[in-house]
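These numbers were taken from a predicted model, which means no experiment stands behind them. Here, residue 1 is the first one in the sequence, and each next residue gets the next number. As a basis for the values below, the full set of heavy atoms in this structure was taken, side chains included, without hydrogen atoms, waters or symmetry mates.
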Amino acid sequence: MEATALVLLPQGGLTVGAPPCLRERGVSCLMNKSYARRIKRCSTVRSVMVRPQEVTLAPIPAPPAPVRETVAGTTATTVYHDTWFDNLAIGYLSRQLQAASGLKNAKLGYEGLIEAAVAISRIFRLETQGKIVAKALEQAMPSYIATMIKVMMPPSKFSREYFAAFTTIFFPWLVGPCEVKESEVNGTREKNVVFIPKCRFLESTNCVGMCTNLCKIPSQNFMQESLGVSVYMSPNFEDMSCEMIFGQQPPEDDPALKQPCFRTKCMEVTGRDISTDLTNNPSYAFLILYAGIAKQNYGVNC
C-alpha cells in the first residue's frame, strides 16, 4: 500500500505529493476547518478570560436585641421584653414594696413596681421612704441568708468581684442590661464595677429624687449593713447610666444629692396619676391630698 506524505507549507499550501482530492477543493476545506477550530479555541479562551460581573452582597442585618429595643421618636424610650424569670422577680419585689408600705395597686409587671414606688415617694416623708425600702429588701431576703453571706464572704477581692458578677447576671430585670468593668483597688486591678448603660428604673420614673431616695441610698445602706459589703452607686443623670462600685464607700458630699430633677419629665413634678388601693389603709387617704403641699417642704431633688 502506497503512503502519501502531506506537508503543510507556511503559506497554507500543500506539497506536490498531496493526493488529488486535496489539491483542488481539499485545501479550502482544510483551511476552513482549521480556521473554525482556531475561532472556537479563541472564543473558548475569551469566555474564560472575561471578568465575571461583580455582585455586591447586602450586609446581613443583625438580629434584634433579645432584651430590649429602642422606639424611634422625639424621645427615645426603651422597650423591654421580660422573660418569665424577669416577671417573677419583678412581681416579687413589687409585692414586697406594697406590703411594706401598705399601699396596694392592681398593675402587673414593671409598671406595678413603678406604681408602688411612685406612691411611696408621693405619700411618705423622706426618712420614711428609706425605711420602707429597707423593710421590703429585708423581707425579700431573709435575715439568715443575709447573715450567712456576710459571714462567709468578708470584704475581699473575691467578694467584690462576686457581687459585681452576680448583679450583672441576676438583676438586669431591675436596672436593665449591665456589664462588669475594672477599676483600681489598693493598687491592683479588679472587676468590681457594674456599668449600667441606661438604668431602667431611672428611665421609667424620670425622677432624680426617686432614684436617690428609693434606689441609691437604700441599696447602699442595705448592702453595707446586711451583707457587709460597701458599694457606691454613681448615677449619671445626663445619659441615665450608672456605676455600682463595690468596695468603695459613698462620699459624704455626694453630688447625686445635689442634682436637680427633670422638670419636664419627672413623675413627681408632672403629677402622674396613681391607682393605689387605700381600702385597707383609710389612714393614708388624707395623705394623697396633702402630698402635693408636703412634698414642697421636705422633698429632695424634686
Run the side-chain donor-acceptor check on residues 168-179: report pairs under 3.5 Å with partners two or more places apart or on a different chain.
unit_1: Thr168; atom_1: OG1; unit_2: Ala165; atom_2: O; d: 2.7
unit_1: Trp173; atom_1: NE1; unit_2: Phe170; atom_2: O; d: 2.7

In this structure, CD1 of Ile145 is separated from CE of Met148 (nearest 0.5 Å) by 6.0 Å
Answer yes if Tyr92 and Ile120 sit in the same cluster of Ile, Leu, Val, Met, Phe, Trp and Tyr residues linked by side chain heavy atoms under 4.5 Å apart, and no otherwise.
no
Report yes if some heavy atom in the side chain of Tyr232 is under 4.5 Å from a heavy atom in the side chain of Met244; otherwise report no.
no
From NZ (Lys150) to OG (Ser159), nearest 0.5 Å:
13.0 Å
Let me check something: do Tyr162 and Phe195 share a hydrophobic cluster, defined by ILVMFWY side-chain heavy atoms less than 4.5 Å apart, either directly or through other members?
no
Can you tell me how far the CZ atom of Phe201 sits from the CE atom of Met210, to the nearest 0.5 Å?
4.5 Å
Does some side-chain heavy atom of Val193 sit less than 4.5 Å from a side-chain heavy atom of Val180?
no
Take Thr212 and Phe237 through the test side chain to side chain contact (heavy atoms under 4.5 Å, CB included) and record every step on the way to the result.
CA-CA 11 Å; Thr212 56; Phe237 297 107; 4.2 Å; yes
Under 3.5 Å donor-acceptor, Thr128 side chain and Phe124 backbone:
no
Sequence neighbours excluded and cut-off under 3.5 Å, please list the side-chain donor-acceptor pairs for residues 131-143, or say none.
none

Heavy-atom nearest pair, Cys215 first then Ser219, reads O-OG, 2.6 Å
Out of curiosity, does Ile245 fall in the hydrophobic cluster containing Ile196 (side-chain heavy atoms, cut-off under 4.5 Å, transitive links)?
no
Can you run down the salt bridge (charged side-chain N to carboxylate O under 4.0 Å, His left out) pairs that involve residues 204-227, sequence neighbours left out, and say none if there aren't any?
Lys216-Asp254
Smallest separation among heavy atoms of Ser183 and Asn192, with atom names:
OG-OD1, 2.5 Å
Does the side chain of Ser230 reach to within under 4.5 Å of the side chain of Gln248, using non-hydrogen atoms?
no
Do Met223 and Phe163 come within less than 4.5 Å of each other through their side chains, counting heavy atoms only?
yes
Is it the case that Asp239 and Ser241 place a side-chain donor and acceptor less than 3.5 Å from each other?
yes
Answer with yes or no whether the hydrophobic clustering places Val151 together with Phe222; edges join I, L, V, M, F, W, Y residues whose side-chain heavy atoms lie under 4.5 Å apart.
no
When every non-hydrogen atom of Ser204 is compared with those of Ile114, the smallest separation belongs to CB-CD1, 3.8 Å
Considering all heavy atoms of both residues, which atom of Val231 and which atom of Gln220 are nearest to each other, and what is their separation?
O-CG, 3.5 Å
What's the separation between atom CE in Met240 and atom CG in Leu202, rounded to the nearest 0.5 Å?
5.0 Å
Just by distance, do the side chain of Glu161 and the backbone of Lys191 share a donor-acceptor pair under 3.5 Å?
yes
Could you measure the distance from the OH atom of Tyr80 to the CZ atom of Arg200? Nearest 0.5 Å is fine.
6.0 Å
Give a yes or no on whether the backbone of Thr78 and the side-chain of Glu203 come within a donor-acceptor separation of less than 3.5 Å.
yes
Lys157 and Val185, any side-chain heavy atoms less than 4.5 Å apart:
no
Is a side-chain N or O of Ser121 found less than 3.5 angstrom from the main chain of Ala117, in a donor-acceptor match?
no
Criterion side chain to side chain contact (heavy atoms under 4.5 Å, CB included) on Thr188 and Glu184, from CA distance to verdict:
CA-CA 5 Å; Thr188 60; Glu184 186 172 341; over 6 Å; no
Sorted by chain and number, sequence neighbours left out, salt bridge (charged side-chain N to carboxylate O under 4.0 Å, His left out) with Asp253 holds for Lys258
Give the cluster check for Leu108 versus Phe85: same hydrophobic cluster or not, with ILVMFWY residues linked at side-chain heavy-atom distances below 4.5 Å.
no
Salt bridge (charged side-chain N to carboxylate O under 4.0 Å, His left out) involving Arg95 - partner list, sequence neighbours excluded
none
Answer yes if the side chains of Gln98 and Ser94 hold a donor-acceptor pair under 3.5 Å, and no otherwise.
yes
Can you tell me how far CG of Asp82 sits from CD1 of Ile90, rounded to the nearest 0.5 angstrom?
4.0 Å
Can you list the residues that meet the salt bridge (charged side-chain N to carboxylate O under 4.0 Å, His left out) rule with Glu190, with sequence neighbours excluded?
Arg160
What I'd like to find out is whether the side chain of Val194 reaches to under 4.5 Å of the side chain of Glu243, using heavy atoms alone.
no
